[in-house]
Number of protein chains: 2
Amino acid sequence: MSMISFTEENYLKALLRISFDSGETGVGTNELALHLGVKPATANDMLKRLRDKALVDFEKYKKITLTREGKNIATEVIRKHRLWETFLYEKLEFSWDEVHDVAEQLEHIQSSKLIDKLEKFLDYPAFDPHGDPIPSKGGELTKQFRKTLLDIPVGQLCKMVAVKDNSSAFLQYVVKVGLGINNEIHVKSRQEFDALMVIEVNGVESSVSEKFAENIYVV
Amino acid sequence: MSMISFTEENYLKALLRISFDSGETGVGTNELALHLGVKPATANDMLKRLRDKALVDFEKYKKITLTREGKNIATEVIRKHRLWETFLYEKLEFSWDEVHDVAEQLEHIQSSKLIDKLEKFLDYPAFDPHGDPIPSKGGELTKQFRKTLLDIPVGQLCKMVAVKDNSSAFLQYVVKVGLGINNEIHVKSRQEFDALMVIEVNGVESSVSEKFAENIYVV
DNA sequence: TAAATTTGTTAGACTAGTCTAACTTTATTA
DNA sequence: TAATAAAGTTAGACTAGTCTAACAAATTTA
């Protein structure tokens, strides 16, 4: 029942996300610092504190991994984040691209009663508005295999179900292209040279880059 | 649009509450420190910082008052607090005595969009679960005149509408006596010597102290 | 009104979280 | 494999917010 700060929670969450996304267990100091928008020196200091609290395993010049306890805390933060996103989207009529930044704040509210009641109020949702799975209480972060827009061959139809990048910047771009969750996407053509794709959404054609396409999850 | 921290918000809120409750404009350093659970030296340091930000007027050895801007911020924090309390009580089925502590955290979430949407979702409530008025957007903290249980003569009936002290400790005691918002209270007798009262709530009699009675608002 | 008490202030120290600049270790590549 | 580059660490400094201990001003009261 040790006190855990907002900042510490953010470091743990970042470690879980990075290792989850990369598929590798160990995370590097620079990688972590970049993800959090701090300097490597700062991350290094914090990692020593987290090691003292037995939340990460970390030896000098080696990769960082979460301990069981660290992983539990990180998973709980992600669970809270996704439940709050769902609340903002479903109950408060936030748009799909606005929920993330507010949920970044709400995820740190400390009250297990609050999050249990919220989950019940939302009727135990399985996915957040970006299509990401919401871990169950005391559960694990699960990975479902996901196709991106990049995997869809020319001429085929697909449906957007989620995004990889949750930043406001990206999400607003997505909206600008006329794309939203559950929208049908028709892949019209693809340039061999730079993988630039032309897609059609609701009758409107747009060109999107490889970087864009790999951040859109589809079925 | 200067950055204002949780801590600063709490100091401003405390200043508004103390001056509001005491009816006097100026607040003392010790009084403020006591209310916030910090040492007077700490409060003094913070007051200098708040003065630098033009949020309080404060001269050495004089009483502290909020500036216009300081008062606006404090009122907004109280508005957020009371809206969140209403949400917790009405939507998440929190009991009346549990809402305060969680709202203490939620009141610091920075997003005017969030609070506007929340207010709409709750259908623009005028009072929180403790019967305190919720300031309107950009509005003032208003005081309605309030009778306490202490003002009720022996033999008379009254109805509880709010409490003065919002601490969990007090609220749990209130619940233990079988009292809740909108409950009818019958004042059965009062001791001259120490003002100890015997009251009846839902057919059950209890003895309550003067201190207890003056924290129960009634109509 | 002078002494005692209360109230408020200052100085110096500590922690968490951040930085820059310099340094060391590990990994890459010519 | 030796030089270069990338990744990671350390040392020292800064801010916000807190403390204790000592001191100063204002207020109360004998």
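Just so we're on the same page: letters track the sequence lines, and every chain starts at 1.
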Identify the pairs formed between an N or O of the protein and an N or O of nucleotides 2-8 of chain D at a distance under 3.5 Å, and give each distance.
unit_1, atom_1, unit_2, atom_2, d
dG8(D), OP2, T29(A), N, 3.3
dG8(D), OP2, N30(A), N, 2.8

Quick one: label [X] by what it contacts on the DNA or RNA (base, sugar-phosphate, nothing), any heavy atom closer than 4.0 Å.
{"X": "Y11(A)", "answer": "sugar-phosphate"}
{"X": "T7(A)", "answer": "sugar-phosphate"}
{"X": "A43(B)", "answer": "nothing"}

So, H108(A) and N10(A): side-chain donor and acceptor under 3.5 Å apart, yes or no?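 Note: H108(A) and N10(A) side chains meet the donor-acceptor criterion.
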
Would H35(B) and E31(B) count as having a side-chain donor-acceptor pair, cut-off 3.5 Å?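 No, no side-chain donor-acceptor pair sits under 3.5 Å.
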
Go nucleotide by nucleotide along DNA chain C from the 5' end; which of A41(A) and F6(A) gets its closest nucleotide reached first?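 Final value for this comparison: F6(A).
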
Can we say [X] and [Y] salt-bridge, meaning some charged N sits less than 4.0 Å from an Asp/Glu carboxylate O?
{"X": "D116(B)", "Y": "R79(B)", "value": "yes"}
{"X": "K63(A)", "Y": "E24(A)", "value": "no"}
{"X": "D57(B)", "Y": "K71(B)", "value": "no"}

Those residues that, when tested against D194(B), pass side chain to side chain contact (heavy atoms under 4.5 Å, CB included) (two or more places apart):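 Result, side chain to side chain contact (heavy atoms under 4.5 Å, CB included) vs D194(B): Q191(B), L196(B).
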
Can you see whether F87(A) has K91(B) sitting over its ring - NZ or CZ less than 6.0 Å from the centre and within 45° of the normal?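 Ring-cation test returns no.
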
Chi angles and distances behind the salt bridge (Lys or Arg N to Asp or Glu O under 4.0 Å) call for E85(A), R82(A): CA-CA 5 Å; E85(A) 280 192 342; R82(A) 293 182 179 171; 5.9 Å; no

What is the 5' to 3' range of DNA chain C, first to last nucleotide, that sits under 4.0 Å from any heavy atom of chain B?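 Counting from the 5' end, contacts occupy dT7(C) to dT10(C).
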
